[in-house]
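Have a look at the structure below before the remarks.
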2 protein chains.
Amino acid sequence: MTAIETEISGRDGSATHKAYHRLREMIVTGDLRPGEKLKIDTLRARLSTGASPIREALSLLTSDNLVERIDQRGFRAAEISASNFTEILTLRCTLEDLALRESIAHADQQWEEAIVLAHHRMQRAKADKKADFEVLHKAFHMTLLANAPSPILLKFCSQLYDLNIRYRYLAGSALDYQKRDVSEEHSLIMSTAIARDADGASASLLRHYRMTGDFLAGLLGDGALG
Amino acid sequence: MTAIETEISGRDGSATHKAYHRLREMIVTGDLRPGEKLKIDTLRARLSTGASPIREALSLLTSDNLVERIDQRGFRAAEISASNFTEILTLRCTLEDLALRESIAHADQQWEEAIVLAHHRMQRAKADKKADFEVLHKAFHMTLLANAPSPILLKFCSQLYDLNIRYRYLAGSALDYQKRDVSEEHSLIMSTAIARDADGASASLLRHYRMTGDFLAGLLGDGALG
DNA sequence: TATGTTCAGATTATCGATTTTTTTAAGTCT
DNA sequence: AGACTTAAAAAAATCGATAATCTGAACATA
């Protein structure tokens with residue numbers, strides 16, 4: 001079977017893979033609430049698949065810190081807390097700072113162009129109010145780091161990104177963080193990165209994260225979430 | 001059933017748990033070589049358990065970067081490389097530095113005593129040439145960090161520790177890293193940590209890692225491993 | 001000779017059923 | 001009533017079997 005035929009037949013990965021991505025999305029977007037019991041049978045019915053793929057997907061999500069495993073009592077969606085959020089924010093700032101500097105240190109034309117492209121796609125999606133804005137927003141941020149020759153570090157950053165964005169979803173898209181001039185911030189990050197200005201890029205990136213972070217931390221402190 | 005009864009009855013977790021720990025150990029110690037194909041059926045027979053626990057254990061190990069999943073072709077033990085080793089060492093230095101400083105910042109008597117105890121147990125095991133030296137060595141290092149109020153960071157450190165120690169096992173215990181005066185280094189780390197000397201503790205910890213690291217990196221460069 | 005194709009054997013992924021464990025709720029005793 | 005036991009129901013963990021997929025060798029083709 002060729003790649004094209006594969007595409008047509010819709011076999012875009014195993015049942016486990018699909019369940020993994022679907023469940024991850026449901027947890028990150030808050031469709032499955034923090035602390036909620038994740039019953040195999042319920043999920044099996046909801047995603048119309050077997051129990052094995054669900055179990056395996058939940059296992060994988062456990063290691064992403066999105067699902068907690070309780071001894072012999074199954075799984076639940078990870079809890080949220082102010083301290084957890086603060087930890088994520090702090091770690092993210094440390095690790096992304098590291099990754100961004102490494103990425104810039106290995107800058108080349110290809111990377112530069114990838115950033116411009118990712119930025120454009122994100123802007124376009126935002127203007128069109130496309131649903132895939134969030135996907136492209138993550139892609140933009142990961143592209144900034146992608147040149148760091150450090151796959152483990154990038155994996156950590158990706159995980160932390162997802163843990164963080166979950167809080168944003170839980171705060172509700174109503175609390176539209178886009179009201180702030182995020183576009184301006186993104187542009188600044190892009191231009192400093194492309195200019196190989198490591199200090200400038202890092203500073204603007206961390207400011208970007210901390211502004212959103214402080215905002216969400218405030219909500220958490222008020223008990224507005226959960 | 002109380003915790004003590006559980007202990008006695010030997011029911012120390014599910015089949016998946018046991019398989020997970022056993023497989024992790026086999027990979028870390030090099031019993032399963034880097035890149036080796038991990039066939040479900042072979043492992044099932046070897047650990048005398050079912051296929052489901054094996055699959056689930058391998059899934060979990062995937063997220064620890066100890067096992068790689070190949071599309072629809074099963075699992076294999078993670079590959080090793082000089083760049084991978086360097087990355088682990090670098091990340092470890094960064095993250096443990098962070099964790100150690102946080103740990104010291106939250107120092108209290110209980111933590112102090114835990115360190116002394118962990119250190120003593122490790123020394124004792126080493127003198128007796130006990131097989132559990134490695135377990136206690138890890139325990140000592142993790143205890144140093146354990147006071148950092150940052151579970152995700154500690155998890156990362158634990159993962160990186162295991163990834164790193166794997167290289168040491170692969171280099172062979174023949175290349176006894178204990179020939180160096182590691183005891184002296186451990187003592188220095190302990191005393192500086194207990195003295196709440198964050199800079200001193202961090203410096204001695206990182207020196208400890210880098211010395212072992214440089215030694216192993218040399219071996220890797222010569223192609224003595226793999 | 002190099003390239004592509006087919007087919008058996010091996011292996012993985014998934015399913016349905018069984019076993020074990022936990023939870024719930026009712027009943028019993030003090 | 002409150003605490004303890006026991007029985008039934010629910011759920012998770014595991015197993016055995018089946019379906020889907022991959023691998024590699026033998027063969028055909030250019």
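Chain letters run A, B, ... following the sequence lines, proteins first, then strands; residues in each count from 1.
- With D:dA12, C:dT22, D:dC22 as the candidates, the nucleotide lying closest to the side chain of A:R55 is D:dA12.
- Rounded to whole Å, atom C1' of D:dA12 lies 11 Å from atom CD1 of A:I70.
- For B:I40 and A:S48, each mapped to the nucleotide of DNA chain C holding its nearest heavy atom, the one lying further toward the 5' end belongs to B:I40.
- Rounded to whole Å, the distance from CZ on B:R44 to P on D:dG16 is 8 Å.
- What you find for A:P53 and A:T16 is that their closest heavy atoms are CA-OG1, 3.7 Å.
- Across C:dC15, D:dA12, D:dT21, the shortest atom-to-atom separation from the side chain of A:K37 is found for D:dA12.
- Set against D:dC15, D:dA13, C:dA13, the side chain of B:T49 has D:dC15 as its closest nucleotide.
- Atom-to-atom, CD1 of A:I54 to C1' of D:dA11 comes out at 15 Å; the value is rounded to the nearest Å.
- Aromatic ring centroids of A:H141 and A:H119 lie 6.0 Å or more apart.
- Looking at the side chain of B:R73, the nearest of the listed nucleotides D:dC22, C:dT22, C:dC15 is D:dC22.
- In the set C:dT11, D:dC15, D:dA12, the nucleotide with an atom closest to the side chain of B:K39 is C:dT11.
- We find that B:R76 and B:E36 are not joined by a salt bridge, their nearest charged nitrogen and carboxylate oxygen being 4.0 Å or further apart.
- One interatomic measurement links the two molecules: CD of B:E56 to P of C:dA13, which rounds to 14 Å at whole-angstrom precision.
- A perpendicular orientation is assigned to the rings of B:H208 and B:H137, their planes being inclined by more than 60° (bins at 30° and 60°).
- Judged by the 6.0 Å distance and 45° axis criteria, A:R92 is positioned over the aromatic ring of A:Y209.
- Rounding to whole angstrom units, OH of residue B:Y20 and P of D:dA13 are separated by 16 Å.
- Here the P atom of nucleotide D:dC22 and the CG atom of B:D41 are 19 Å apart, to the nearest Å.
- Considering only the side chain of A:Q72, D:dA13 comes nearest among C:dT14, D:dC15, D:dA13.
- Residue A:H17 contributes atom NE2, which lies 15 Å from atom C1' of C:dT12 at whole-angstrom precision.
- Atom CG in B:L38 sits roughly 9 Å away from atom P in C:dT12 (whole-Å rounding).
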